[in-house]
Q: 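Sharing a structure with you now.
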Amino acid sequence: MTATYSDSRLTNLIALGTGEILKGIRGVGLLRGRELGEAGDDLAQNWIARVLEQHRPEDGFLSEEAVDNLERLGKSRVWVVDPLDGTKEFATGRQDWAVHVALVEDGVPTHAAVGLPDLGVVFKSSDVRHVAGPLSRKIALSHNRPPAVAKFVAQQMDFEAVGIGSAGAKAMHVLLGDYDAYVHAGGQYEWDQAAPVGVALAAGLHASRLDGSELRFNNKDTYIPDLLICRPELADEILTHAAAYLEQHGSYDA
C-alpha cells in the first residue's frame with residue numbers, strides 16, 4: 001500500500017531527497033566537471049519524475065531537465081521543478097547550488113521548497129519567515145551574467161552588489177538577511193523562479209517582475225525576463241530605480 005502524503009509534505013520530501021541524491025553523487029568523487037553535472041541533472045530528474053508519477057500521476061509537470069509536455073496547460077495543478085539549479089556550481093565544488101520544487105495551482109505556487117544541500121537546509125513555504133533585522137546593504141545578482149540594472153540599483157541605494165550562483169541560493173540568502181534584495185534581468189525560466197518565489201512570498205518577502213507585475217506560472221512560454229525578490233520595505237524604492245534605468249536605457253540589461 002502506497003503511503004499518502006500531503007502536498008506540503010511531498011514537496012518538502014522531494015527537495016530533501018533530491019539534495020541527498022546529489023550530495024551522494026558528488027561525495028564519492030568518481031565523476032568530475034561536466035560529467036558530474038550531467039549525471040546530477042539526469043539522476044535527480046529521473047528520481048523526481050518517478051516520485052511524482054507514483055504519488056501525483058494526474059498532475060502536470062514542468063522541469064528544466066524534461067521534454068515539455070504541453071498537456072500541463074490544461075491542468076490546474078502543475079509541478080514546476082529544477083532538480084539541480086546551478087549545475088556549474090555543483091560540478092565545481094561550490095556551495096551555491098540548489099534544488100527547486102514547487103506545486104503551482106492556477107498559476108500560483110501554493111507549496112514550494114528550495115534546498116541548499118551543502119548547507120544542510122530545505123526552506124519550506126509551509127514553515128518559513130524572513131529575517132527582518134538591520135539591513136545588510138547588499139544586493140545579490142548573478143555572478144555569471146551580472147545585469148546592468150542590478151548594479152545601477154545598488155549604486156543608487158549605496159548598496160554593495162555581490163555575485164552568487166543559483167537563483168535559489170540568491171533568493172534564500174535574502175530570506176536569511178544576508179542580502180536585502182535579489183535583482184535579476186537577462187532571462188530565466190519558470191523552473192528557475194517558481195520555488196524561490198513561492199518560498200519568498202510565504203516568508204513575507206516581496207517577489208515580482210522588475211516592473212512590479214505579478215509572477216504567474218504554467219505558461220506556454222516558460223521564459224521570464226526578470227525578477228525582484230527583496231525585503232518588503234525596499235520594494236517601492238528598487239522598482240522606482242529599475243523603472244528609471246529602463247527609461248534611460250530601453251532595456252534592463254543594456
Q: Find the distance between OG1 (T92) and CZ (R32) and round it off to the nearest 0.5 Å.
A: 13.0 Å

Q: With rounding to the nearest 0.5 angstrom, report the CZ to OH distance, R137 to Y179.
A: 15.5 Å

Q: If you round to the nearest 0.5 Å, how far is OG1 of T87 from CD of E64?
A: 6.0 Å

Q: Is there a donor-acceptor pair under 3.5 Å between the side chain of K170 and the backbone N or O of I164?
A: yes

Q: Using distance alone, with no hydrogens and no angle criterion, decide if Q45 and S63 have a side-chain donor and acceptor under 3.5 Å apart.
A: yes

Q: State yes or no: do L227 and V162 share one hydrophobic cluster built from I, L, V, M, F, W and Y residues joined by side-chain heavy-atom distances below 4.5 Å, directly or via other members?
A: yes

Q: Using a 3.5 Å distance criterion without hydrogens, assess whether the side chain of S166 forms a donor-acceptor pair with backbone atoms of G86.
A: no

Q: Taking C-beta and beyond as the side chain, do L228 and L239 meet within less than 4.5 Å on heavy atoms?
A: yes

Q: Check whether any side-chain N or O of K75 sits under 3.5 Å from a backbone N or O of E58 as a donor-acceptor pair, and report yes or no.
A: yes

Q: Would F123 and L116 count as a side chain to side chain contact (heavy atoms under 4.5 Å, CB included) here? Give the steps.
A: CA-CA 8 Å; F123 296 91; L116 300 182; 3.8 Å; yes

Q: Same cluster for L43 and L13 if Ile/Leu/Val/Met/Phe/Trp/Tyr side chains link at under 4.5 Å?
A: yes

Q: Would one find more than 12 heavy atoms of other residues, nucleotides or ligands at under 6.0 Å from atom CZ of R9?
A: no

Q: At their closest point, which heavy atom of A44 faces which heavy atom of P83, and how far apart are they?
A: CB-CB, 3.6 Å

Q: Does the side chain to side chain contact (heavy atoms under 4.5 Å, CB included) test come out yes or no for N218 and V80, once each step is laid out?
A: CA-CA 8 Å; N218 192 33; V80 182; 5.6 Å; no

Q: So with a 6.0 Å cut-off around CZ of R216, is the heavy-atom count from everything else above 12?
A: yes

Q: What verdict does the side chain to side chain contact (heavy atoms under 4.5 Å, CB included) test give for V81 and I14, after you've listed the backbone C-alpha separation in whole Å, the side-chain angles of each residue and the deciding distance to 0.1 Å?
A: CA-CA 10 Å; V81 172; I14 292 173; 5.9 Å; no

Q: Any chance the side chains of E190 and H100 put a donor and an acceptor closer than 3.5 Å?
A: no

Q: Hydrophobic clusters here meaning ILVMFWY residues chained together by side-chain heavy-atom distances under 4.5 Å, can you tell me if I48 and L84 are in one?
A: yes

Q: Between V149 and V183, what is the shortest heavy-atom contact and its length?
A: CG1-CG1, 4.2 Å

Q: Inspect the surroundings of CG in N219 and state if more than 12 heavy atoms from other residues, nucleotides or ligands are less than 6.0 Å away.
A: yes

Q: Hey, is CD on Q248 packed in by over 12 heavy atoms from elsewhere, all under 6.0 Å?
A: yes

Q: With the side chain counted from C-beta on, respond yes when V99 and V114 share a heavy-atom pair under 4.5 Å apart, and no when they do not.
A: no

Q: Between A195 and A112, which heavy-atom pair has the shortest distance, and what is it?
A: O-CB, 3.6 Å

Q: Can you check whether S251 reaches H249 side chain to side chain, under 4.5 Å on heavy atoms?
A: no

Q: Would you sort out whether M157 and H241 count as a side chain to side chain contact (heavy atoms under 4.5 Å, CB included), showing the intermediate values?
A: CA-CA 9 Å; M157 299 176 69; H241 291 314; 3.7 Å; yes

Q: Kindly compute the distance separating CG (D68) from CH2 (W191), expressed to the nearest 0.5 Å.
A: 7.0 Å

Q: Side-chain contact, heavy-atom cut-off 4.5 Å: L141 with K151?
A: yes

Q: Quick one: do K23 and E20 make a salt bridge, cutoff under 4.0 Å?
A: yes

Q: Are E38 and R34 ion-paired here, with the side-chain N under 4.0 Å from a carboxylate O?
A: yes

Q: Please say yes or no: joined through hydrophobic side-chain contacts below 4.5 Å, possibly via intermediate residues, are L234 and F152 part of one cluster?
A: yes

Q: Within the 3.5 Å criterion, strictly below it, is a donor on W97 or D85 matched to an acceptor on the partner's side chain?
A: no

Q: Less than 4.0 Å between a side-chain N and a carboxylate O, is that true for D118 and R26?
A: yes

Q: Does any part of the side chain of F61, heavy atoms only, come nearer than 4.5 Å to the side chain of N69, both counted from C-beta?
A: no

Q: Whether the side chain of D192 engages the backbone of Q188 through a donor-acceptor N/O pair (distance < 3.5 Å, no angle test) should be reported.
A: no

Q: Ring of F159, cation from K138 - is the NZ or CZ under 6.0 Å from the centre and inside 45° of the axis?
A: no

Q: Ignoring hydrogens and angles, state whether a donor on the side chain of S142 or N144 is under 3.5 Å from an acceptor on the partner side chain.
A: no

Q: Are any of the side-chain heavy atoms of W79 and T11 separated by less than 4.5 Å?
A: yes

Q: Under 30°, 30 to 60°, or over 60°: which ring-plane class applies to Y182 and H184, parallel, tilted or perpendicular?
A: tilted

Q: How far apart are the closest heavy atoms of A15 and A113, and which atoms are they?
A: CB-CB, 3.7 Å

Q: Could you grab the distance from atom CG of L215 to atom CG of L201, nearest 0.5 Å is fine?
A: 8.0 Å

Q: May I ask you to decide if R209's main-chain N or O and S213's side chain share a donor-acceptor pair within less than 3.5 Å?
A: no

Q: Could you verify whether a donor N or O on one side chain and an acceptor N or O on the other, from S136 and D180, lie under 3.5 Å apart?
A: yes

Q: Where do V197 and A207 come nearest, in terms of heavy atoms and distance?
A: CG1-CB, 4.1 Å

Q: From H111 NE2 over to N12 CG, what is the distance, rounded to the nearest 0.5 angstrom?
A: 9.5 Å

Q: Applying a strict under-4.5 Å side-chain criterion to I, L, V, M, F, W and Y, I'd like to know whether L62 and V108 cluster together.
A: no

Q: Can you name the nearest heavy-atom pair linking A98 to G168, along with the distance?
A: CB-CA, 4.2 Å

Q: For D226 and A185, indicate whether the former's side chain and the latter's backbone hold a donor-acceptor pair under 3.5 Å.
A: no

Q: In plain terms, say whether R56 and D7 are close enough for a salt bridge, that is, a side-chain N and a carboxylate O under 4.0 Å apart.
A: yes

Q: Are any non-hydrogen side-chain atoms of C230 and L205 less than 4.5 angstrom apart?
A: no

Q: Within a strict 4.5 Å, meaning less than it, do heavy atoms of the Y5 and H55 side chains meet?
A: yes

Q: Does one side chain, of E105 or T110, offer a donor that lies under 3.5 Å from an acceptor on the other?
A: yes

